[in-house]
Structures are given as C-alpha cells and as structure tokens.
J.: 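Encoded as structure tokens, here's the structure I'll be asking about.
Numbered from 1 within each chain, the chains take letters A, B, ... in sequence-line order. Side chains included, hydrogens not; waters and symmetry mates left out as well; all remaining heavy atoms used.
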There are 2 protein chains.
Amino acid sequence: MGYGNVSERLRQPPQVGVSVVILALDPDSEHGRLWLPLVRRVRQPFLGCWALPGGDIRGDRTLAQSAYEALESTTDLHPSYLEQLHAFGGPDRSRGGLPMVSIVYWALVGEAEAGDFAERDNVRWFPESDLPSLDIAFDHREIIAYALARLRTRIEYPDIAARLVGPTFTLRQLHGVYEAVTGTVLDLPNFRRKMLASGEIEETGETLREGRHRPAAVYRYVPRRDAGERPYAYALTGDRLAELDARARSAAAAMSPGPGASSGDDALSALTTV
Amino acid sequence: MGYGNVSERLRQPPQVGVSVVILALDPDSEHGRLWLPLVRRVRQPFLGCWALPGGDIRGDRTLAQSAYEALESTTDLHPSYLEQLHAFGGPDRSRGGLPMVSIVYWALVGEAEAGDFAERDNVRWFPESDLPSLDIAFDHREIIAYALARLRTRIEYPDIAARLVGPTFTLRQLHGVYEAVTGTVLDLPNFRRKMLASGEIEETGETLREGRHRPAAVYRYVPRRDAGERPYAYALTGDRLAELDARARSAAAAMSPGPGASSGDDALSALTTV
DNA sequence: GCAAAAGTGTTTCCATTACACCCATGA
DNA sequence: TCATGGGTGTAATGGAAACACTTTTGC
C-alpha cells in the first residue's frame, strides 16, 4: 500500500478500531478501589507503552461484538456490562502514522472474576489512582479518565454497582462499592432502604457470616422488566452479553486446532490499536 | 480499487463517516413542533432516498470539525449546540457495499435561523412526527429516533431549550419549548421559578408586547461558569462553536474563486454517506 | 454480657406540585 | 372596565438526609 508523505497521509480518511476500558474492583484492596487492565504494545508507535485493549472492527460484526472480542481475547474476562463510551479521533492522535479513529467501549467485570485472573507479561492491572506515570500510549489516559467520570455519574442505579461487585452481595458490600466509586460517604441505613425500594434487588435467602456479629442477608440483582429504565440505552447486559460470549467462543473454536485449547498466547499477543 | 466478492468485502475493515441530526423548532407551527433537514441521495445505494446530512472524516480534522463542516456545507446553518451522539456500525448497514461506520452528531439550531433558511431541491425539512414513510436511507430513521430520545432526556437544563429557541426569549416561549419537546404539560408559574432559580437565565431589560395584555420580560441564556455543569460533556457550545465556524469559513473561502461566493450549489451537492 | 454489625423508626428538611391570587397592559 | 396573559404567594406532598434506636450474632 503506497501512501505519500506525512501531510498527504493526514488527509486520508482514517482507519477505525475499537478499544475497551475494563473496570473492576481490586480484590486485594480492602477499601474497594477500582483498577483496570492495560496491554503492553509490541509495535510502533508507542512500542512498550501501556494501552487499552483493542482490536479491529470487522464489517461482519456489530461494534459491540468487535469490542467484546477485543476484550475477551486479550484478557479472558467476561464482562457483566458493555456500553459504548465515545468515538475519539482527530489530528492529535495519529503520531505520524495513518489517522486513526477509535470507538471506545467501557466494560464492567465482577470482583470475583477479576481476582481469579492470572497476570501475564503483556497484560497488567493498574489501580485507577496509580496508572503508569509516563508510558501510556496515545490519548488513552484521557479516555480512561472519561470512562471513570461516566462510571461515577451512571452509578445512581443499583445496576452498575451490582455488576461490579458480582452476582451476589450483602447490602454493606454494595454500599462499599458506592462509596469507593463516588468517593463520598453515604448513610448506610438510608442506602439500604433506597436499594430495597428500587425493586431491583432481591434476597437470595442465604446469609453471610463475616465476624463475631450478626450475619448479613445476601441479595442478588434483578433487572426490572419495567422496560424504560433509561430511555435509550445501548448498554449490553445479561442475555445480550451471553450472546456475544457464545459468538466469541465459537469463533475461537473455529480458529484453534483442538477443542478447549482456544486461549493460547497467540490470541493474547497484544491486540492494541490507537 | 479491487475488492473481492460480497462476503470478502464484508470482512474488510469498514469506512468511516460522520452524519448529523440537526434539530430545530418549526417556526410555522404554532405549537412548537420539532423538525429536521434531510438530504436527498444522488448515489446508490438508496439513490433518491432521504438521508441525514453527512460527509467524510479527514485525518487532519477533529471529529466535531468534520461534523460541523458536513452540517454547514449542506444546510448553511450554524448550530448553537453540537455533541456526539453515538457511533453506528455493524453488518446490517452495508447493503452490499463496503461496510460503513457512521459517527453521528446531533445539533441544535435556533428557531430564527431555521426559519430564514431557503429550501432547495435536495434538502428538505421534515417535521419529527411526519418523516417520509418509506424512503429513508440506511438506518437513519432509528438514528433520528435515538437523537430525539437524547434530546428529551437532556432538556432538564435551561441550556438545551434556550439553544433551540434562539438568543433571547420570554419565559413563556421557553416554557413552550419544554412542553413541545417533552410532550408533557408543565405548570407555568413553577417553571418560571425553576428557570430563574437555575441562575442560568438573565433579564435583558427588554420586554416583548404580543397582544392586548402586559408585555413579557425578555431573557437570555447565560451559561454558569460553575464549571461542573455536567461532569464530562463533549458538547460544543459558544466559543468552541465559533471556532469551528471560523475554520469552516476559511476552508470555504480557500476553495471558492471569489470572496463571498462560497455557498454555491456545488458545495450543497448531496453530501451524504451511510 | 459485650462488642460489632444488621437492620428499623422517626424527625427534619427541602424541592416539587397544585392552585389561588394579584398585577400590568391594550382595547 | 374587562379580558388576557404576566407574575407572585402559599399550603400540601413526598422523598432524601440525619441520626437515635433495637436486634442478632460470636465470643
């Protein structure tokens, strides 16, 4: 493919890719801080820098599918929430290469899952407040800040917090997530009432002992089928996500030689774009 | 450019473009309904159908600039608000051609400006509730619905309504906009207090006579510099928009032979993409 | 019994709602 | 002076915030 000099390249229509900001609760931190996985780049530009997991967009996939596949193949995680964040573009983000537009998604994964993740050389989790100081590729630092801001405003609903904490939880745990994410202090009794009144939370019948005191009731999140929670929400949750998951699995199976061997390191080899 | 058969084309990385949903108040309608301009396509696919104004993305422009230029060159309008809506993609929207991703913006223009617009063959304004029934290109009908839904949820702030109605307005006019957009009935006295309490509205000192009764005070919208109105807002307003406008003008001047002749029909020749 | 967290009750406060009312103006 | 919309006052409502309180458990 012959392209001209730099200024000619800049006038070309840009390439498109997807990236994903994957947010989870750090299970090692007692006070529930957020962390996220970054991938080390193995190509120029920004070789060796940390970048958001990403990949190409294929014409025969939806954008969400492309995002899911990028996420799943680099980190082996299965998000409980996936939503388009923003499309980023412009002259600042090309760095001498071809201009690039990234459609960025943000994803949430449950605490348990983020914990049982085995770290690899080219993927590492960083606490939200302790990102690498210099070597973050492109404008990914600002994109992360943007995703965190979105998370903080979206968390008014039980939904988001429940997806961060995992399938079941006590009200105190959920409360902790809210406090960690918003950085504020919330009255626990009022919080409890509000969550229960939302109708999106349901007792499992189990209880959880955690010290020499009264055990707490365990709840699960139940999306209300009220329909119109939020009038326009292109977020993927529940069944829609399972669908994407099934697709990703069958695609992986088709590419791998034997069954069950679909998560080799070749699939993990630093899928990153701008 | 040699591309293979259909299924091979579908696997190619998609092209990118911008489209804009331009919303305004229909000045002919007394009860303040919304309308928007669509452009007739002069190319396959969907030749002859109505489509959102759109254009290409250039690597040396920001996405918002590209959206502004698409909007300005097709309709000669100058929006008072411009914000990214969503990126649309996926296999459904290629129609046998190359796969296409559209980054869609939504824009607001003031009532006065939308009124003084001269209709042209290939651009026509349609009331929101009376879009062409069949011949809308691609998925643009759903995109319009999505933009309208966004407008309806965003309008809680004085901001959005003020930009629809124009630079100055009476509280009753503003009230009418709210009722038209939300489709609900609002108590006028309470509405008035709420707007004034927001601190984002300021008396101009003028009054407006409209019948054989007391004249109404005229107000203007004053964005509060409180900063954090909305925590992350990539919306363009005020100065930032003026900047885009200046850029678009100078670009147009550079392309046209004489001064002031920059809005010939060549610039209007149906810039539409998916 | 005692410590600690689970869970409940109650009061206060504030923003929204509903609606009655007065005011300014032109005909 | 009267019709009409501009503009103000105020009581009722409902939900969020603050915090005192009771209950259940392990040791």
Side-chain angles (χ1 to χ4, degrees), chain A residues 30-32 152-159 161-162 165 168-221 224 226 229, chain B residues 30-32 152-153 155-158 161-162 165 168-221 224 226 229:
Chain A
E30 198 43 62
H31 294 300
R152 282 191 252 274
T153 64
R154 283 282 153 102
I155 203 169
E156 286 163 30
Y157 319 87
D159 170 334
V165 78
T168 64
F169 46 84
T170 68
L171 285 175
R172 177 172 287 268
Q173 285 169 342
L174 201 62
H175 177 249
V177 173
Y178 271 79
E179 289 199 337
V181 169
T182 63
T184 62
V185 176
L186 291 171
D187 183 82
L188 184 52
N190 291 332
F191 175 83
R192 139 197 253 45
R193 265 188 294 259
K194 198 171 171 182
M195 288 303 110
L196 293 174
S198 78
E200 303 197 79
I201 263 176
E202 178 185 87
E203 256 182 292
T204 64
E206 279 146 47
T207 56
L208 181 68
R209 269 179 292 107
E210 262 196 314
R212 59 175 197 282
H213 56 77
R214 175 175 177 178
V218 174
Y219 293 83
R220 82 168 64 85
Y221 172 69
R224 294 191 303 167
D226 269 63
E229 357 174 334
Chain B
E30 198 44 62
H31 294 302
R152 282 190 250 274
T153 63
I155 204 170
E156 286 163 29
Y157 319 87
V165 79
T168 64
F169 44 84
T170 66
L171 285 176
R172 176 172 288 269
Q173 285 170 342
L174 201 62
H175 176 249
V177 174
Y178 271 80
E179 289 199 336
V181 170
T182 63
T184 62
V185 176
L186 291 170
D187 183 83
L188 184 52
N190 291 332
F191 175 83
R192 144 200 259 16
R193 268 187 291 258
K194 197 171 173 182
M195 288 303 109
L196 293 174
S198 78
E200 303 196 81
I201 263 177
E202 180 184 85
E203 255 183 292
T204 63
E206 280 146 46
T207 56
L208 182 68
R209 269 180 292 105
E210 262 195 315
R212 59 176 195 283
H213 55 78
R214 177 174 176 179
V218 174
Y219 293 85
R220 81 168 63 84
Y221 172 70
R224 293 191 305 167
D226 270 61
E229 354 173 337

J.: What's the shortest heavy-atom distance between A/Leu186 and A/Glu179, and which atoms?
T.: N-OE2, 2.8 Å
J.: Rounding to an integer number of Å, can you tell me how far A/Glu210 CD sits from C/dA6 C1'?
T.: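 After rounding, the gap between these two atoms is 12 Å.
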J.: So which one's nearest nucleotide on DNA chain C is more toward 5', B/Arg209 or A/Glu203?
T.: A/Glu203
J.: If I take atom CG in residue A/Leu171 and atom C1' in nucleotide C/dA5, what distance separates them, rounded to the nearest angstrom?
T.: 13 Å
J.: Rounding to a whole Å, what distance do you find between B/Gln173:CD and D/dG5:P?
T.: 14 Å
J.: Measuring from the side chain of B/His213 (C-beta onward, heavy atoms only), which nucleotide among D/dG26, D/dT8, D/dG6 has the closest atom?
T.: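 Side chain of B/His213 sits closest to D/dG6.
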J.: In whole angstrom, give the distance that lies between atom CG of B/Leu208 and atom C1' of D/dG5.
T.: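 Spelled out: CG on B/Leu208 to C1' on D/dG5 is 12 Å.
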J.: Does A/Met195 reach the side chain of A/Leu171, with side-chain heavy atoms less than 4.5 Å apart?
T.: yes
J.: Rounded to whole Å, how long is the line connecting atom CG of A/Asn190 with atom P of C/dG7?
T.: 15 Å
J.: Contact class for A/Arg192 (heavy atom, under 4.0 Å): base, sugar-phosphate, or nothing?
T.: base
J.: When you get a sec, tell me which of C/dA20, C/dA4, D/dG6 is the closest nucleotide to the side chain of A/Arg212?
T.: C/dA4
J.: Tell me if the side-chain of A/Asp187 makes a donor-acceptor pair with the base of D/dA16, cut-off 3.5 Å, by modelled atom types.
T.: no
J.: Looking at C/dG7, does its base get a donor-acceptor pair with the side chain of A/Arg193 below 3.5 Å?
T.: no
J.: Rounded to the nearest Å, what distance is computed from the CE atom of residue B/Met195 to the P atom of nucleotide D/dG7?
T.: 15 Å
J.: Which nucleotide in the set C/dG9, C/dA6, D/dG7 lies at the smallest distance from any side-chain heavy atom of A/Arg214?
T.: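 Between C/dG9, C/dA6, D/dG7, the one nearest the side chain of A/Arg214 would be C/dA6.
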J.: Given D/dG6, C/dA6, C/dT8, identify the nucleotide with an atom nearest to the side chain of B/Leu188.
T.: D/dG6
J.: For A/Phe169 and C/dA6, give me the distance from atom CZ to atom P, rounded to whole Å.
T.: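 So the two atoms are 15 Å apart, to the nearest Å.
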J.: Using the benzene-type ring in the case of Trp, are the ring centres of A/Tyr219 and A/Phe169 under 6.0 Å apart?
T.: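 Ring-ring flag for A/Tyr219/A/Phe169: false, centres at least 6.0 Å apart.
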J.: Students often get this wrong, so: under 4.0 angstrom with heavy atoms, is B/Pro215 touching a base, only sugar-phosphate, or nothing?
T.: sugar-phosphate
J.: Grab the CG-C1' distance between A/Leu174 and C/dG7 for me, whole Å please.
T.: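 Computing the A/Leu174:CG to C/dG7:C1' distance gives 16 Å.
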J.: Side-chain donor-acceptor pair under 3.5 Å between A/Glu200 and A/Tyr221, yes or no?
T.: yes
J.: Verify, without hydrogens or angle tests, whether A/Thr170 (side chain) and A/Ala216 (backbone) share a donor-acceptor contact under 3.5 angstrom.
T.: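 Side chain of A/Thr170 to backbone of A/Ala216: no pair is present.
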